[in-house]
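This report refers to the structure that appears directly beneath it.
Note that the structure is a prediction, hence the values are computed from the model and not measured.
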Amino acid sequence: MAKDNLNNKDNEENYDSLTDAEKLLLAKEERVFGKEEEEEEIEDEKPETAIQKAKKKVGFFFDYYKWFVIIPAIIIVIAVVLITSYLSESRERALELSIVNAKYDIPELIYAVENDYTKYTGEDITGKDIRIEIDIQYPDTASGDGNFSQSEIVSMQKFNASVIAGRVDVALSENWVINDYSITDATLDLREIFDEEFLKEHEDVLYYAVNSEGEKIPVAFYIDAQVVKDSYEDEAKPLVVSFDTAKHKKEAALFMEWLLDQSTGTFEKEQ
């Protein structure tokens, strides 16, 4: 056996020159080496277990059909998200609020609306029944600076679309926003939702804007409630206003009352 494993003539001559003892030792080594190779082959040929077979099948399936599984799964997830978002946005709300041009501590204001205001109403509503639109930027269109950024233009268009669609019952904003909407008669005349006595009581914080006929009408209240002031820049004088398209005018009036209850009215009005 050992002699058969020699590869060339030189090896054969070397083998012939070995003593009988050396040939015996070499043959023994060859048998041990051959046995190890046979054991390795036998070990390699051991039958696969059921788990190994299952893993292999799953691996083959995933390699060949993974996109047939992944793509439908992605589509299903997107569809569920869109449907959930649509149902959430389209369901009826108790109040729809837009916060315009706020800069700071908006989470504090949102928390106050969703918790303190809902308690103030005395009704069985929660924060989930109030839709709050934030991050709306509406630059002063009367400032003479028409170089608005693309994000500002998109934000203005979004807010305008919401007002037209009746998705803004009440808004916290600044006077130039109210002026832009009052000139087209889009703002709500406060005399429609408050009686004369209430308006007279809050005359010091009433904001009058010019409508399409050139008449000054009460359309908003100045608000200096701390939770609102903290959300705007120091020089800002935020107002609360409603719109003619508002779907929940009664709730809009109640929201204004809540803000007025927290206000002191100790600032100089702008007209």
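When side chains are defined from C-beta on, T121 does not count as touching W258, because their heavy atoms never get closer than 4.5 Å. Two residues are said to be in side-chain contact when any heavy atoms from C-beta on lie closer than 4.5 Å; F194 and D189 fail this criterion. Side-chain contact check for Q137 versus K103: some heavy-atom pair is nearer than 4.5 Å. Within the 4.5 Å cutoff, no side-chain heavy atoms of K237 are placed close to those of Y232. A 4.5 Å side-chain heavy-atom check between E174 and V100 finds every atom pair outside the cut-off. At least one side-chain heavy atom of I132 sits less than 4.5 Å from a side-chain heavy atom of I134. Using a 4.5 Å heavy-atom threshold, the side chains of S173 and I178 count as touching. With contacts defined as side-chain heavy-atom distances shorter than 4.5 Å, the pair D129/R93 does not qualify.
More than 12 non-hydrogen atoms from other residues, nucleotides or ligands lie less than 6.0 angstrom from CD of E192. Within a 6.0 Å sphere centred on CG of D195, heavy atoms belonging to other residues, nucleotides or ligands number more than 12. Around the NZ atom of K158, the shell of radius 6.0 Å holds no more than 12 heavy atoms that belong to other residues, nucleotides or ligands. No more than 12 heavy atoms of other residues, nucleotides or ligands lie within 6.0 Å of CG in D124, so this atom counts as exposed by the packing criterion.
The minimum heavy-atom distance between D135 and S155, with the atom names listed, is O-OG, 4.0 Å. A246 approaches V168 most closely through the heavy-atom pair CB-O, 3.9 Å. The two residues F243 and A171 have their closest heavy-atom pair at CE1-CB, 4.0 Å.
No continuous path of hydrophobic side-chain contacts links V163 to V154 [ILVMFWY only; heavy atoms under 4.5 Å]. Follow the hydrophobic side-chain contacts under 4.5 Å out from L190 and you never reach V210; the two are in separate clusters. Neither I125 nor I110 shares a network with the other; the hydrophobic side chains, linked directly or stepwise wherever heavy atoms of I, L, V, M, F, W or Y lie under 4.5 Å apart, form separate groups for each.
Distance NZ/K229 to CD/Q226: 5.0 Å, rounded to 0.5 Å. T184 OG1 to N179 CG: the interatomic distance, rounded to the nearest 0.5 Å, is 11.0 Å. One distance of note links OG of S263 with CD1 of I223; it measures 4.0 Å at 0.5 Å rounding. Put simply, CD on E96 and CZ on R167 are 4.5 Å apart, with the number rounded to the nearest 0.5 Å. A distance of 9.0 Å separates CG of L172 from CG of L239, quoted to the nearest 0.5 Å. To the nearest 0.5 angstrom, I136 atom CD1 is 12.0 Å from M156 atom CE.
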- [ ] Decide yes or no on side chain to side chain contact (heavy atoms under 4.5 Å, CB included) for L199 and R191, but give the supporting numbers first.
- [x] CA-CA 8 Å; L199 294 178; R191 291 173 294 188; 3.6 Å; yes

- [ ] Evaluate side chain to side chain contact (heavy atoms under 4.5 Å, CB included) for I164 paired with T245, printing each intermediate quantity in order.
- [x] CA-CA 7 Å; I164 293 173; T245 54; 5.9 Å; no

Task: Test log, rule side-chain hydrogen bond (donor to acceptor under 3.5 Å, both in side chains), inputs N160 and Y181 - done: CA-CA 9 Å; N160 187 56; Y181 282 90; 3.2 Å; yes

TODO: Carefully, step by step, assess D244 and D185 under the rule side chain to side chain contact (heavy atoms under 4.5 Å, CB included).
DONE: CA-CA 8 Å; D244 191 56; D185 298 324; over 6 Å; no

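In this structure, Y117 has its ring center closer than 6.0 angstrom to the ring center of F255. Aromatic ring centroids of F221 and Y207 lie 6.0 Å or more apart. Between Y138 and F148, the ring center distance fails the sub-6.0 Å criterion.
There is no side-chain donor-acceptor pair under 3.5 Å between S242 and D169. Defined by atom type and a distance below 3.5 Å, a donor-acceptor pair is missing between the side-chain atoms of N211 and S182. Between the side chains of Y222 and D204, no donor-acceptor pair is found at a separation under 3.5 Å.
Put simply, the side chain of T118 gets close to the backbone of E114: a donor and an acceptor are under 3.5 Å apart. Of the possible polar contacts, none joining the H202 side chain to the L260 backbone as a donor-acceptor pair under 3.5 Å is found. In this structure a side-chain-to-backbone donor-acceptor pair under 3.5 Å is missing from D230 to V227.
Between E133 and R131 there is a salt bridge, since at least one side-chain N of the basic residue sits less than 4.0 Å from a carboxylate O of the acidic one.
When each of L95, L254, L188, V241 is checked for a side chain to side chain contact (heavy atoms under 4.5 Å, CB included) with V170, only L95 meets the rule.
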